[in-house]
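Written below as structure tokens is the structure these notes are about.
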2 protein chains.
Amino acid sequence: MKNTQNDATDLSAQIASKIRDSIVEGRLIVNERLPSEAELSEQFSVSRSTVREALKRLAAQSLIRTQRGAFGGAFVNKLSYQDAYSQNITTSTLLLSMNDINIDVACEARFALERSCVPLACARRSEEQLSVMRRELHRQTSPDLSDEEWCASDVAFHRSFVDCAQNPVLSYQLTGAVEAMLPLMNMITFTARSRAKIISHHAALITSLETQDIPLAERTLGELAEYSMQLAAKVLADRDKK
Amino acid sequence: MKNTQNDATDLSAQIASKIRDSIVEGRLIVNERLPSEAELSEQFSVSRSTVREALKRLAAQSLIRTQRGAFGGAFVNKLSYQDAYSQNITTSTLLLSMNDINIDVACEARFALERSCVPLACARRSEEQLSVMRRELHRQTSPDLSDEEWCASDVAFHRSFVDCAQNPVLSYQLTGAVEAMLPLMNMITFTARSRAKIISHHAALITSLETQDIPLAERTLGELAEYSMQLAAKVLADRDKK
DNA sequence: TGTTTTTCATTTGTCAGACAATTAAAAGTC
DNA sequence: GACTTTTAATTGTCTGACAAATGAAAAACA
């Protein structure tokens, strides 16, 4: 389980890797202070700049934070849900945008994942999440919403749906899937008619949560997935025609 | 959608953030070469070391790769599934280990997520994945397997199950959930009896795939989740007693 | 002419040393 | 005791230098 990224040739990457292993494997614990840059450069027999580059790598992964001044230094960072969320989203978004993923594959994955929280969501949904979903649904009925705003509202709606399961680990894992779809969805221009259809599905989803109707929720998500793919296919076909 | 991490005070973080935005928003495309460090330091009016620290931050997120020599430089990296996998796993693992997640919550999330690929897995499972699962199942019957080896085999089994859905995006999203459980599971000592019980569930899972029996697969996953939680609860109770 | 070797310019990797900015503890002052 | 000043430690940034790698161009060679 060691040296997760050891094919790197630069010293700074090697040092970062060693320190990272120390953190992941628990030899350095949360909020523990690392040796100062000067001490580290002695320990590893490299210059301070090389140590600094290694530390910046770790900072980029939110593994450490640094503080200036006496009694400052680099500290092992407690990875917050927020940090983990944004890293997950960045990675997922780039993975989808750089690997020309088939949109059907992405949609299939997304709705399969959302389906996974249907039973929990129906059982535990709280008024808090339901009101967010109702608010977003209402926003979506506004005809002067731009495509970008529409998609953002769509994402907020589905994130709230996921949150209904009241399981933060589940929410974390699904955030990437839901958010990363945003750029893909933004490519699709929604006509008034297609918006109305999606809105009716969203309304059904809220109803299914209110009445704790698991089969209805699953069916609705399936229809939503199918309709999303249809829309995407149509947009792609129109584009190819031109 | 700009300046995703703008509360940073250091120049290197600011510069990294700007370049990152350029990549995420598509102004810099895959394999495009960034200006040289010297040029960047002119552009941003900072020293070369500061630019280098910024670039190392991006390299840590696999957003760029660098190459020495004439016509070398920093290039926008195409994020591979492999890179995305390992980043996801690192983040998920740390998130779970640093936030003293309730093991029930983690188990619940994991099996809910796995359940999401049951229909696709039953429909598309190929001989390739089934043989991996049979091999790991056979490994698990060996009594001289250490707890670590047992858990690793367990992870391999479930990863292969996820791969049955033949959807790379789904596999990517679920990798974090399955792999991050490994350290948590490693805390549990498996008696011969509990191993046998898990093995029987695994066998049932293989059968459900072979016969494309969706309800059986879902039921088996549910039982597996419940049993995992029971084991964990027992371990925790025993530890508290001491 | 075609091929191989050498040279060379460019770029990243590493180092050393300096100073600025920040910060909390310690010392001094009233 | 409360407040101010000093001080030492530490990160942030800059400058300049050299090593190492590398592909292109030039030179040498057959």
Side-chain angles (χ1 to χ4, degrees), chain A residues 3 5-20 22-23 28 30-78 83, chain B residues 3 5-20 22-23 28 30-78 83:
Chain A
N3 296 323
Q5 286 151 30
N6 208 18
D7 49 347
T9 52
D10 2 354
L11 286 173
S12 72
Q14 289 174 36
I15 292 170
S17 194
K18 283 182 189 171
I19 300 177
R20 179 167 29 238
S22 293
I23 296 174
L28 287 170
V30 170
N31 290 329
E32 187 172 340
R33 181 182 177 278
L34 274 66
S36 71
E37 296 176 355
E39 288 173 296
L40 285 173
S41 66
E42 263 200 45
Q43 268 186 38
F44 291 109
S45 305
V46 297
S47 72
R48 203 186 137 210
S49 4
T50 303
V51 167
R52 279 184 64 78
E53 287 177 10
L55 293 180
K56 294 311 152 201
R57 289 177 191 266
L58 300 177
Q61 297 183 300
S62 304
L63 293 183
I64 61 170
R65 60 178 187 280
T66 54
Q67 201 175 1
R68 287 219 271 206
F71 297 77
F75 299 84
V76 178
N77 196 35
K78 173 166 171 174
D83 288 336
Chain B
N3 295 324
Q5 286 151 29
N6 209 18
D7 48 348
T9 52
D10 0 352
L11 287 174
S12 71
Q14 288 174 37
I15 292 170
S17 194
K18 283 182 190 171
I19 300 177
R20 181 170 24 241
S22 293
I23 295 175
L28 287 171
V30 170
N31 291 329
E32 189 172 339
R33 181 182 177 278
L34 274 66
S36 72
E37 296 175 355
E39 288 173 297
L40 285 172
S41 65
E42 262 200 44
Q43 267 186 41
F44 291 109
S45 305
V46 296
S47 72
R48 203 185 137 209
S49 10
T50 304
V51 167
R52 280 185 63 79
E53 287 176 11
L55 293 181
K56 294 312 151 201
R57 294 179 120 106
L58 300 177
Q61 296 183 301
S62 305
L63 293 182
I64 61 169
R65 62 178 186 280
T66 54
Q67 202 176 1
R68 287 219 269 206
F71 297 78
F75 298 84
V76 177
N77 196 35
K78 174 166 171 174
D83 288 337

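In the text below, chain A, chain B and the rest are named by the order of the sequence lines, each starting its count at 1. Basis for what follows: all heavy atoms, side chains included, without hydrogens, waters or symmetry-related copies.
The nucleotide whose nearest atom lies closest to any side-chain atom of A:Arg48 is, among C:dT14, D:dT11, C:dG13, D:dT11.
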Detail all sub-3.5 Å separations between protein N/O atoms and N/O atoms belonging to nucleotides 20-23 of chain C.
residue : atom : partner : partner atom : Å
C:dT22  : O2   : A:Gly69 : N            : 3.3
C:dT23  : O2   : A:Ala70 : N            : 2.9

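Per the geometry, CD1 belonging to A:Ile64 stands 10 Å off P belonging to D:dT11, to the nearest Å. When the P atom of D:dT11 is taken as reference, atom CD of A:Glu53 falls 16 Å away, rounded to whole Å. At whole-Å resolution of the value, CD in A:Glu42 and C1' in D:dT10 are 15 Å apart. The distance between atom CD of B:Glu37 and atom C1' of D:dA17, rounded to the nearest whole Å, is 15 Å. Protein atom CZ of A:Arg65 is 15 Å distant from nucleotide atom C1' of D:dT11, rounded to whole Å.
Here B:Lys56 does not reach the OP1 or OP2 of C:dT12: none of its side-chain N or O atoms lies under 4.0 Å away. Note on A:Arg52: every side-chain N or O is 4.0 Å or more away from OP1 and OP2 of D:dT11. Of the side-chain N and O atoms in A:Arg33, one or more sit less than 4.0 angstrom from OP1 or OP2 of D:dT10.
Listed by chain and residue number, nothing satisfies the salt bridge (charged side-chain N to carboxylate O under 4.0 Å, His left out) test with B:Arg65 (two or more places apart in sequence, or in another chain). With sequence neighbours left out, the side chain to side chain contact (heavy atoms under 4.5 Å, CB included) criterion links A:Ser41 to A:Val51.
For the atom pair B:Arg33 CZ and B:Phe71 CZ, the distance stands at 9.0 Å (nearest 0.5 Å).
Nucleic acid contact class of B:Thr50 (heavy atoms, under 4.0 Å, all strands): sugar-phosphate only. Nucleic acid contact for B:Thr66: sugar-phosphate only, since backbone atoms but no base atoms lie under 4.0 Å from a heavy atom of the residue.
When only modelled atom types and interatomic distance are considered, A:Thr50 and A:Glu53 share no side-chain donor-acceptor pair under 3.5 Å.
At least one side-chain heavy atom of B:Leu34 sits under 4.5 Å from a side-chain heavy atom of B:Val76.
Each of B:Leu55 and A:Ser49 lies near DNA chain C, and the nucleotide nearest B:Leu55 is the one positioned closer to the 5' end.
Between the side chain of A:Glu39 and the main chain of A:Ser36, a donor-acceptor pair closer than 3.5 Å is present. Between the A:Asn77 side chain and the A:Ser62 main chain, a donor and an acceptor come within less than 3.5 Å of each other.
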